[in-house]
Amino acid sequence: MLVRTFVLQPITIGMAPEQKVHSDDPIGTAAYRRTWVGIPVWLWVDGASESTWGPLTRTATYGGVTVTATAAVRTLTWSSGDGQTVNCGVGTRFNAAAMADQLAVDSPTCGFRYQRTSGSGTFTVSASTTWSVAWTGGGDSGTIAMPTTTSTAQVRVGELQSVNTANYGD
């Protein structure tokens, strides 16, 4: 009964590069995020809380037996939308100011690189958290698997190409 009172929510996806609609808009306000083939995508849990990451602990007494239960994320699986998956913890937030000169640096904890474009559409990035609850009470203990929570974001993956030209005679 105690576990039924838990409200477990999907994480908020943190992802870099971020996308703006206009230069003065807050980051993340576009309908989709944008990146390019071969560029590192950093992933993290944005604003982790007890209801999105845990631990979430509650105690209650039922029929004279006191039960304590703690819910926590057991695994976080990211899907890139193009077939890649990675399992990570909360990840590392991208710091644009500190990393401005290192745009090709992979996240130290969680991320991937797209190997192809999304064409004229987008890929759906998903973050699925698998929860479990550890409980004790009345001299017993155990673990209860909880439903998976999932959040998604759209990302458009483009391709950058450059042309080198020689400027002879200058």
Side-chain angles (χ1 to χ4, degrees), residues 1-19 26-35 39-99 102 105-115 118 121-157:
M1 291 189 324
L2 178 60
V3 172
R4 288 186 195 136
T5 68
F6 288 9
V7 178
L8 306 177
Q9 301 174 338
I11 68 159
T12 299
I13 293 175
M15 191 166 85
E18 288 282 4
Q19 178 69 23
I27 288 179
T29 57
Y32 58 86
R33 295 162 188 202
R34 184 165 189 95
T35 191
I39 299 295
V41 175
W42 288 43
L43 304 167
W44 66 91
V45 177
D46 196 19
S49 69
E50 68 176 16
S51 64
T52 61
W53 190 257
L56 172 63
T57 301
R58 300 286 186 264
T59 300
T61 301
Y62 300 99
V65 176
T66 299
V67 178
T68 299
T70 301
V73 170
R74 191 169 34 115
T75 61
L76 171 55
T77 302
W78 295 87
S79 172
S80 63
D82 72 342
Q84 300 177 72
T85 59
V86 292
N87 293 311
C88 308
V90 294
T92 302
R93 176 182 292 277
F94 183 80
N95 181 339
M99 300 295 289
Q102 299 179 25
V105 174
D106 288 317
S107 166
T109 55
C110 190
F112 45 74
R113 293 177 185 237
Y114 285 96
Q115 303 303 312
S118 57
T122 59
F123 290 126
T124 300
V125 174
S126 66
S128 298
T129 49
T130 304
W131 292 81
S132 66
V133 175
W135 64 271
T136 60
D140 286 325
S141 63
T143 303
I144 301 170
M146 297 297 286
T148 299
T149 59
T150 301
S151 50
T152 61
Q154 300 302 309
V155 62
R156 178 164 286 164
V157 180

Distance, nearest 0.5 Å, that separates [atom1] of [X] from [atom2] of [Y]:
{"X": "Arg34", "Y": "Ile39", "atom1": "CZ", "atom2": "CD1", "answer": "12.0 Å"}
{"X": "Asp46", "Y": "Arg93", "atom1": "CG", "atom2": "CZ", "answer": "4.5 Å"}
{"X": "Arg74", "Y": "Trp131", "atom1": "CZ", "atom2": "CH2", "answer": "12.0 Å"}
{"X": "Ile11", "Y": "Trp53", "atom1": "CD1", "atom2": "CH2", "answer": "7.0 Å"}

Report yes if some heavy atom in the side chain of [X] is under 4.5 Å from a heavy atom in the side chain of [Y]; otherwise report no.
{"X": "Met15", "Y": "Val155", "answer": "yes"}
{"X": "Trp44", "Y": "Phe94", "answer": "yes"}
{"X": "Trp78", "Y": "Ile13", "answer": "yes"}

Test log, rule side chain to side chain contact (heavy atoms under 4.5 Å, CB included), inputs Cys110 and Val86
CA-CA 8 Å; Cys110 190; Val86 292; 4.3 Å; yes
Could you tell me which non-hydrogen atom of [X] sits nearest to which non-hydrogen atom of [Y], and how far apart they are?
{"X": "Tyr114", "Y": "Phe123", "result": "CE2-CD1, 3.5 Å"}
{"X": "Ser118", "Y": "Gly121", "result": "OG-O, 2.9 Å"}
{"X": "Trp42", "Y": "Val105", "result": "NE1-O, 2.9 Å"}
{"X": "Leu76", "Y": "Gly89", "result": "CD2-O, 3.5 Å"}
{"X": "Val65", "Y": "Gly137", "result": "CG1-C, 4.1 Å"}
{"X": "Ser51", "Y": "Val7", "result": "CB-O, 3.5 Å"}

Is there a donor-acceptor pair closer than 3.5 Å between any side-chain N or O of [X] and the backbone N or O of [Y]?
{"X": "Gln9", "Y": "Thr149", "result": "no"}
{"X": "Gln84", "Y": "Asp82", "result": "no"}
{"X": "Ser107", "Y": "Gly111", "result": "no"}
{"X": "Thr109", "Y": "Thr92", "result": "yes"}
{"X": "Thr122", "Y": "Gln154", "result": "no"}

Before giving the answer on side chain to side chain contact (heavy atoms under 4.5 Å, CB included), spell out for Val3 and Arg58 the whole-Å C-alpha distance, their side-chain angles and the decisive distance to 0.1 Å.
CA-CA 8 Å; Val3 172; Arg58 300 286 186 264; over 6 Å; no
[X]-[Y] side chain donor-acceptor pair, cut-off 3.5 Å:
{"X": "Ser128", "Y": "Thr77", "answer": "no"}
{"X": "Thr57", "Y": "Thr70", "answer": "yes"}
{"X": "Thr75", "Y": "Asn87", "answer": "no"}

Under the side chain to side chain donor-acceptor pair (under 3.5 Å) criterion, do Thr143 and Ser132 qualify, and how do the steps go?
CA-CA 7 Å; Thr143 303; Ser132 66; over 6 Å; no
I would like to know whether Phe6 and Val133 meet side chain to side chain contact (heavy atoms under 4.5 Å, CB included); could you show each step before the answer?
CA-CA 10 Å; Phe6 288 9; Val133 175; 4.2 Å; yes
Steps toward side chain to side chain donor-acceptor pair (under 3.5 Å) verdict (Thr61, Thr66):
CA-CA 4 Å; Thr61 301; Thr66 299; 3.0 Å; yes
Run the side chain to side chain contact (heavy atoms under 4.5 Å, CB included) check on Arg113 and Asp106 step by step: do they pass?
CA-CA 9 Å; Arg113 293 177 185 237; Asp106 288 317; 2.9 Å; yes
Audit row: Thr68, Thr59, side chain to side chain donor-acceptor pair (under 3.5 Å) steps and yes/no:
CA-CA 4 Å; Thr68 299; Thr59 300; 3.0 Å; yes
